[in-house]
There are 2 protein chains.
Amino acid sequence: MDFESAGDFVDRARAGWERARPALDVSGIEVMGRISRIGALASQRVERDLAAAAVSRAEFDVLCTLARSDRPLRASEVTAATMLSGASTTKNVDRLARRGLVERLPWERDGRVVLMRLTPLGVELVNREFPHFLDRERELLAGLDAGEKAQLAALLRKVSARVEPAG
Amino acid sequence: MDFESAGDFVDRARAGWERARPALDVSGIEVMGRISRIGALASQRVERDLAAAAVSRAEFDVLCTLARSDRPLRASEVTAATMLSGASTTKNVDRLARRGLVERLPWERDGRVVLMRLTPLGVELVNREFPHFLDRERELLAGLDAGEKAQLAALLRKVSARVEPAG
DNA sequence: CATATCTATTTTACTAGTAAACTATTTGGT
DNA sequence: ACCAAATAGTTTACTAGTAAAATAGATATG
């Protein structure tokens with residue numbers, strides 16, 4: 001097998017390390033290096049797709065989090081789902097609320113809490129854009145057959161279980 | 001199998017979508033959703049580890065890119081490896097050069113090009129920190145045996161081949 | 001051999017994200 | 001009931017990243 005032609009970014013990085021630091025076992029980057037790289041590339045593509053709807057990736061994450069919930073969510077629940085800081089949630093929701101895509105509600109049981117939910121306009125945006133998002137994700141995985149996708153998902157779930165803060 | 005207890009973040013997201021939008025096939029998120037989530041969590045951990053050396057993740061990426069190369073690299077080559085913009089490379093290298101970890105060289109064959117390489121101090125930092133980085137990556141994958149890691153790496157390489165811009 | 005065009009990097013002006021301080025509210029101890 | 005401590009969210013002050021303009025050098029064409 002021709003090394004250069006078969007190699008992706010991580011194969012090249014690994015070859016570099018093995019030449020530069022032969023004593024180190026760098027095999028660990030085979031998995032995490034690819035996860036970082038694929039994640040970053042996928043994120044860029046999705047961001048470009050979403051430009052049409054004039055929402056950022058982070059804003060879309062907020063919208064999707066609310067869209068798949070069967071009840072209004074607290075700001076802190078949205079923060080946990082999006083992996084951004086609480087301050088970012090405030091900013092993103094401010095912007096989305098100004099555009100009429102999301103609304104804030106008080107919670108009668110605790111005045112500190114702010115509940116958030118999609119407006120009809122927000123629901124409409126998600127109904128329009130989320131299918132395109134799914135198409136893009138399917139396209140990124142088009143090199144794998146159904147069995148490989150299932151295997152990959154199962155292995156990643158196993159990693160996820162260990163990496164998730166509360167898991 | 002108890003659904004709630006087995007689920008990671010993506011299992012919960014998928015269950016939400018299946019309740020909220022039963023008509024959509026959201027199985028695509030099983031892979032890309034986990035890649036994004038694991039990537040973001042891993043990135044946070046690594047960033048925290050690197051705080052000890054007072055370098056950011058992005059700066060460490062620059063240092064590692066130079067460390068594994070057998071020749072000085074152009075600014076544009078560093079940019080391609082780090083997945084950030086050219087403007088970011090300038091900023092990161094400015095900071096690293098100010099700290100004496102990296103140096104810029106002119107290239108006699110083309111005056112527009114800037115070559116970059118580690119200083120001895122930069123080499124030292126990578127020699128000290130890169131092993132910790134590898135330890136962290138190994139720890140994140142501790143839930144998998146060697147065969148599973150190899151399988152996961154192979155499947156990710158297949159995705160990578162399709163997603164890489166020039167692949 | 002000009003000079004227009006292209007290319008590599010840096011600079012500028014701006015946006016997004018964050019940690020820490022702040023505000024408002026609740027809770028628990030007495 | 002009162003007040004200290006804890007909690008939820010927002011604001012502030014700052015940093016990192018970017019797109020587009022600017023700079024400087026190379027290349028090609030008449």
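Predicted model only: the values in this text are computed from it and were never measured.
For DNA chain C, the contact window with chain A, defined by any atom under 4.0 Å from a protein heavy atom, covers C:dA16 to C:dT26 in 5' to 3' order.
The stretch residues 32-45 of chain A has no heavy atom under 4.0 Å from DNA chain D, so no residue of it qualifies as close. The stretch residues 104-115 of chain B comes close to DNA chain C through B:R104, B:R112, B:V113, B:V114, each having a heavy atom under 4.0 Å from the strand. Contacts of residues 65-85 of chain A with DNA chain C (heavy atom under 4.0 Å): A:L84, A:S85.
A:E139 has no carboxylate O lying under 4.0 Å from a charged side-chain N of A:R45, or vice versa, which leaves the two without a salt bridge. Salt-bridge formation is detected for the pair A:R138/A:D135: a Lys NZ or Arg NE/NH1/NH2 atom is positioned less than 4.0 Å from an Asp or Glu carboxylate oxygen.
A:E47 meets the side-chain hydrogen bond (donor to acceptor under 3.5 Å, both in side chains) test with no other residue; sequence neighbours excluded. Scanning for side-chain hydrogen bond (donor to acceptor under 3.5 Å, both in side chains) contacts around A:E137 gives an empty result, with sequence neighbours left out. With sequence neighbours left out, the side-chain hydrogen bond (donor to acceptor under 3.5 Å, both in side chains) criterion links B:R21 to A:N127. For A:D145, there are no salt bridge (charged side-chain N to carboxylate O under 4.0 Å, His left out) partners, not counting sequence neighbours. B:E124 meets the side-chain hydrogen bond (donor to acceptor under 3.5 Å, both in side chains) test with no other residue; sequence neighbours excluded. Legend: residues meeting ring pair (Phe, Tyr, Trp, His ring centres under 6.0 Å) with B:F60, ordered by chain and number and at least two apart, are B:F133.
The stretch residues 72-89 of chain B participates, sequence neighbours left out, in these salt bridge (Lys or Arg N to Asp or Glu O under 4.0 Å) pairs: B:R71-B:E77. For residues 84-95 of chain A, the set of pairs meeting the salt bridge (Lys or Arg N to Asp or Glu O under 4.0 Å) definition, not counting sequence neighbours, comprises A:E59-A:R95, A:D94-A:R104.
Take the nearest nucleotide of DNA chain C for A:E59 and for A:A87: the residue whose nucleotide is more 5' is A:E59.
Here the side chain of A:S88 pairs no donor or acceptor atom with the backbone of A:L84 at under 3.5 angstrom. A:R34 places a side-chain N or O within 3.5 Å of a backbone atom of A:E30 that can act as its donor or acceptor partner. Checked by atom type and distance alone, the side chain of A:R117 never pairs as donor or acceptor with a backbone atom of A:V102 at under 3.5 Å.
Across all strands shown, B:R95 has heavy atoms under 4.0 Å from sugar-phosphate atoms exclusively, and none from any base.
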